[in-house]
Amino acid sequence: MKTADLAGLPPGVPEHLRDEGIEELYPPQAEAVEAGVTAGESLVASVPTASGKTLVAELAMLSAVERGGKALYIVPLRALASEKKAEFERWEEYGIDVGVSTGNYDSSGEWLASQDIIVATSEKVDSLVRNNAPWVDDLSCVVADEVHLVDDSHRGPTLEVTLGKLRKINPGLQVVALSATVGNPEDIAEWLDAELVESEWRPIDLKMGVHYGNAITFDDGSQREVRVGKGDRQTPALVADILDDDGDGEDDDGGGSSLVFVNSRRNAEASAKRLADVTEKRLTSEERGELAEIAQEIRDVSDTETSDTLANCVAKGAAFHHAGLAADHRSLVEDAFRERLIKVISATPTLAAGVNTPSRRVIVRDWQRYDGDFGGMKPLDVLEVHQMMGRAGRPGLDPYGEAVLLAKNADTRDELFERYIWADAEPVRSKLAAEPALRTHLLATVASGFAHTREGLLEFLDQTLYATQTDEPGRLERVTDNVLDYLEANGFVERDGDGVTATSVGHTVSRLYLDPMSAAEIIDGLRWASDHREEKLRELEGEADGSARENRADAEVDADAGFQRASEMVPEEGTDADGDGGGDAESDDDVEFETDRTYPTALGLFHLVCRTPDMYQLYLKSGDREEYTELCYEREPELLGNTPSEYEDVRFEEWLSALKTARLLEDWADEVDEDRITERYGVGPGDIRGKVETAEWLLGAAEQLAGEIDASATVPVREAKMRVQYGVRDELIDLAGIRGVGRKRARRLFEAGIQTRADLREADKSVVLAALRGRRKTAENVLEAAGRKDPSMDDVREADAEDLPEATFETAKDRREDGDGEADDPEEQASLGDFG
DNA sequence: GAAATAGCGATGTAGACAGCATGTC
DNA sequence: CTACATCGCTATTTC
């Protein structure tokens with residue numbers, strides 16, 4: 001089918017496609033059009049990755065808009081939301097407006113209402129539906145990307161329920177579900193009342209094979225010799241082989257890139273280091289230069305060991321990729337790989353699920369992964385391996401893609417062929433009938449008025465994929481009753497016979513997008529705090545008066561390690577004597593200010609949110625158990641709730657891992673350097689940001705819950721939230737709230753005697769300039785953001801900075817210690833709020 | 001005698017959505 | 001109930 005023949009699209013679109021070189025639809029796309037995607041028909045497309053699914057979605061959305069409708073594109077990851085948005089923006093010249101809505105990147109509701117295509121994550125859509133976003137009623141077309149993820153036990157039910165709700169709100173809704181090739185696409189089609197297009201077709205051929213001994217055996221029977229020297233590893237040999245292969249006749253690209261999938265972060269890093277030796281030898285001097293620049297950018301993202309290791313690899317043309325990387329690291333690596341500067345990436349599954357990074361050769365090195373519940377190494381799902389292999393073959397660059405599994409012996413080779421190459425992907429199974437999923441979704445369904453009775457809930461659930469699949473009819477009803485009991489017992493719903501209504505707290509919980517169990521934990525903790533306030537305060541005061549004890553037991557350890565605690569950098573007495581009331585750091589011995597210690601403390605609140613099911617906790621390594629048991633007793637008065645007995649193994653263990661996670665947050669909010677934190681907790685920079693982001697969200701929710709049940713805790717909660725948000729001690733909260741001022745600059749300003757925004761408006765400009773390391777543009781921006789009338793630095797002499805020895809000292813030290821993504825340019829410091 | 005290497009036990013294990021208010025594309 | 005690669009260490013061999 002010719003694109004020129006497509007009917008129902010906005011004028012100019014077929015011509016645009018032709019100009020992009022798309023004159024003929026791919027067979028699956030043509031099938032989709034025949035099935036009526038451009039005429040508003042619902043469709044399930046179960047096709048391989050990179051076979052043009054996105055165009056099917058675009059045709060559906062553009063034709064829907066042309067008919068006067070509005071389209072929603074649901075993605076599983078935030079990173080994909082921005083990728084898709086960028087892709088769809090090429091239609092703007094034909095009058096199509098594109099908007100995005102995700103947790104961290106949002107546009108106002110009114111603005112979205114005016115957009116034609118909206119890209120959002122499934123959770124965000126769920127939340128918008130819960131909160132009755134007005135434009136939801138106007139939708140006429142919904143695309144669900146990667147719909148096979150309904151199989152995911154954690155996030156699948158959200159997609160499933162959300163699609164159900166959207167269809168219920170708008171009975172005529174066109175649903176276009178894009179799926180990888182799965183075992184049972186007909187189930188999905190039946191559930192969505194949609195036509196099914198099923199295809200194995202791909203635009204670039206994919207050869208799948210297994211490497212064993214000195215050759216790869218492919219699924220088409222062909223073989224390719226790849227010799228592995230004695231004592232050498234298979235992976236470097238395969239990477240070198242394809243890098244040296246320029247026999248594709250297409251152009252002089254000097255051979256192809258590889259993606260290597262491994263099963264742990266550590267393996268990804270170790271493998272990348274080894275592969276760097278392979279790639280380094282094959283770089284041109286031009287490439288070396290460009291890679292060196294990228295390596296520097298990587299170092300500028302974060303001053304941590306992970307960052308440094310990555311930069312070293314990248315300089316040599318290799319990289320690793322996993323969730324411990326900061327978002328900026330990831331995109332730098334992905335971009336450089338697409339630009340063919342980085343020749344190989346060793347990655348965990350992040351890359352298979354994330355943004356598009358095609359490669360000439362994909363090597364699935366590890367096909368088993370440790371699984372604690374399983375109790376050992378578990379083979380990956382066929383679907384997952386297929387997703388990885390599907391990354392092989394760069395359109396327009398490679399004659400075909402190659403996906404290679406590794407085997408150490410002939411038996412394994414045969415097993416891999418059976419298990420992954422000849423095998424079809426598993427069927428998708430709904431995970432809806434599990435208590436954690438239903439807890440959230442039943443409450444939301446009641447709260448947003450989708451159902452008012454138990455019967456109504458069951459009726460709604462009857463429309464889900466789960467219902468079309470189950471062969472155990474009573475199960476959903478049983479779990480529903482358990483969940484309703486739970487919700488009632490915790491005061492989120494009230495029941496009157498068959499009727500179910502959400503309480504005021506229940507509405508809040510649903511709106512805040514909290515797992516009800518998290519909300520219950522937070523509410524219990526806050527209530528406990530207000531019941532035990534006096535007693536605990538006395539305990540805390542007692543300790544504070546008793547001795548000049550160190551605030552934290554490990555301070556000595558830190559000192560041994562040559563680490564200077566943030567608190568030690570704070571001048572003992574404020575630089576100006578008047579005391580701004582902004583709250584000083586808790587100094588240990590005799591205090592000259594009123595001892596109005598806040599309660600609950602930040603650590604107590606961090607611990608509270610860390611023990612909710614919405615927080616992914618750090619887990620205890622060997623030796624941690626002792627360390628954190630001790631810490632637990634020491635900080636016990638701060639924890640909100642009774643510490644479980646040490647003999648309650650599981651509960652106690654969870655309590656400790658929550659404490660460990662809380663401590664990470666406390667370190668962050670005590671201005672401990674990023675590299676210090678990564679080292680101490682064995683995490684990557686991306687993990688810190690992830691934890692901080694989640695904590696920020698949960699504390700925000702806690703703040704609102706506190707307002708609802710017991711306002712006495714709202715202030716401490718808000719303060720704790722702002723401390724994680726900015727990564728600062730309490731005295732810096734005001735300064736760090738200024739745009740362009742993060743934890744580092746706030747601390748420097750504070751040390752220069754500028755403690756508040758008001759100070760900043762009055763302060764001597766040369767002092768500000770010196771505190772900001774002589775960066776005039778930055779200083780101007782900061783002053784302007786602080787609301788100063790005359791931010792210009794033109795009249796300030798550079799030499800003034802030299803008059804301030806303290807600040808000069810700071811500059812040198814900061815150069816060494818900066819770990820916060822500060823680049824040496826005027827726009828250097830991102831506000832700590834905008835991760836990701 | 002220093003350095004390479006083999007052997008051994010301890011160790012640790014993928015991923016990532018969401019509120020709200022604001023600022024930004 | 002289940003694994004396995006890596007790391008840091010020591011014992012042993014090698015030049």
Side-chain angles (χ1 to χ4, degrees), chain A residues 74-82 85-86 89 92 97-108 111 120-128 130-131 149 152 154-159 162 231 233 261-271 273 321-325 327 347-354 365-366 368-380 384 408 440 444 508-515 518 614-616 619-624 682 686-687 689-691 693-694 696-705 718 721 725 737 739-740 785 831 833-834 836:
Chain A
I74 305 176
V75 289
L77 296 171
R78 289 180 199 164
L80 290 173
S82 25
K85 182 202 179 215
E89 270 174 348
E92 281 186 343
D97 298 320
V98 185
V100 191
S101 182
T102 63
N104 63 341
Y105 181 90
D106 203 358
S107 316
S108 77
W111 192 66
T121 54
S122 35
E123 284 76 10
K124 188 65 187 190
V125 177
D126 185 17
S127 167
L128 290 164
R130 290 182 188 193
N131 298 307
L149 292 174
D152 182 280
H154 182 57
R155 297 180 55 207
T158 304
L159 179 57
T162 303
R233 292 168 180 267
F261 286 103
V262 298
N263 64 3
S264 74
R265 295 179 179 188
R266 201 171 58 178
N267 284 341
E269 298 191 16
S271 161
K273 282 187 206 165
H321 190 285
H322 57 63
L325 297 183
T348 57
T350 19
L351 203 64
R365 194 193 78 177
D366 301 336
Q368 301 187 97
R369 187 162 48 225
Y370 179 82
D371 181 334
D373 301 329
F374 186 71
M377 298 303 272
K378 190 180 178 182
L380 301 185
E384 205 174 343
K408 285 197 172 54
T440 305
T508 306
V509 172
S510 167
R511 179 172 54 82
L512 293 174
Y513 212 80
L514 281 180
D515 181 334
S518 297
D614 277 312
M615 175 64 91
Y616 216 125
Y619 73 113
L620 301 176
K621 301 182 182 183
S622 71
D624 281 356
D687 299 297
R689 292 170 185 212
K691 296 281 174 296
E693 203 180 325
T694 308
E696 211 182 303
W697 164 57
L698 286 170
L699 287 166
E703 184 186 339
Q704 298 196 36
L705 286 172
R718 183 185 309 134
K721 182 191 80 172
Q725 187 178 341
R739 184 152 47 89
S831 112
D834 52 44

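The structure displayed is predicted, hence computed values, not measured ones. Just so we're on the same page: letters track the sequence lines, and every chain starts at 1.
- The interatomic distance linking A:Leu351 (CG) with B:dA16 (C1') rounds to 15 Å, in whole Å.
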| note | Each nucleotide of nucleotides 7-12 of chain B classed B (base within 4.0 Å of a protein heavy atom), S (only sugar-phosphate) or -, in 5' to 3' order, makes ----SS
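- To the nearest 0.5 Å, atoms CH2 (A:Trp697) and CG (A:Leu514) are separated by 5.5 Å.
- Comparing A:Asp373 and A:Ala270 against DNA chain C, the residue whose closest nucleotide sits nearer the 5' end is A:Asp373.
- With sequence neighbours excluded, no residue satisfies salt bridge (Lys or Arg N to Asp or Glu O under 4.0 Å) with A:Arg365.
- As a whole-Å value, the separation of A:Arg689 CZ from B:dG15 P is 17 Å.
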| request: List the steps and the verdict of salt bridge (charged side-chain N to carboxylate O under 4.0 Å, His left out) for A:Lys378 and A:Glu384. | output: CA-CA 13 Å; A:Lys378 190 180 178 182; A:Glu384 205 174 343; over 6 Å; no
| said: Treating primed atoms plus P, OP1 and OP2 as sugar-phosphate and everything else as base, which nucleotides of nucleotides 18-25 of chain B get B, S or - for protein heavy atoms under 4.0 Å? | reply: BBS--BBB
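- Pairing each heavy atom of A:Arg130 with each of A:Ala444, the nearest pair is NE-CB, 3.3 Å.
- Comment: A:Lys273 does not engage A:Glu269 in a salt bridge, judged by the lack of any side-chain N to carboxylate O separation of less than 4.0 angstrom.
- B:dA14 and C:dT6 are spaced 14 Å apart, taking the P atom of each and rounding to whole Å.
- Pair assignment for B:dA16 gives none, since no Watson-Crick or G-U wobble pairing has each distance under 3.5 Å.
- Looking at heavy-atom distances under 4.0 Å, A:Asp371 makes no contact with the nucleic acid at all.
- The CD1 atom of A:Ile74 lies 10.0 Å from the CD atom of A:Glu123; values are rounded to the nearest 0.5 Å.
- For the C1' atoms, the distance linking B:dA18 with C:dT2 amounts to 37 Å, nearest Å.
- When heavy atoms are screened at a 4.0 angstrom cut-off, A:Arg718 is found touching no nucleic acid atom at all.
- How far CE of A:Met615 is from CG of A:Leu698: 5.5 Å, rounded to the nearest 0.5 Å.
- For DNA chain C, the stems formed by at least three consecutive Watson-Crick or G-U pairs, with both atom-pair distances below 3.5 Å, span B:1-13 with C:3-15.
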| task | Decide side-chain contact (heavy atoms from CB on, under 4.5 Å) for A:Tyr513 and A:Thr158; before the verdict, give the C-alpha distance in whole Å, the side-chain angles of both, and the deciding distance to 0.1 Å. | result | CA-CA 11 Å; A:Tyr513 212 80; A:Thr158 304; 3.4 Å; yes
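- Per the geometry, CG belonging to A:Leu380 stands 12 Å off P belonging to B:dA14, to the nearest Å.
- Along DNA chain B, the nucleotide nearest A:Arg155 and the nucleotide nearest A:Gly682 are compared for position; the residue whose nucleotide lies closer to the 5' end is A:Gly682.
- Nucleotide B:dT22 forms a pair with no other nucleotide shown, judged by Watson-Crick or G-U wobble geometry with both contacts under 3.5 Å.
- Protein chain A contacts DNA chain C over a range whose 5' and 3' limits, counting nucleotides with an atom under 4.0 angstrom from a non-hydrogen atom, are C:dT2 to C:dT6.
- By the salt bridge (Lys or Arg N to Asp or Glu O under 4.0 Å) test, A:Asp366 is found to be paired with no residue, residues two or more places apart in sequence or in another chain being considered.
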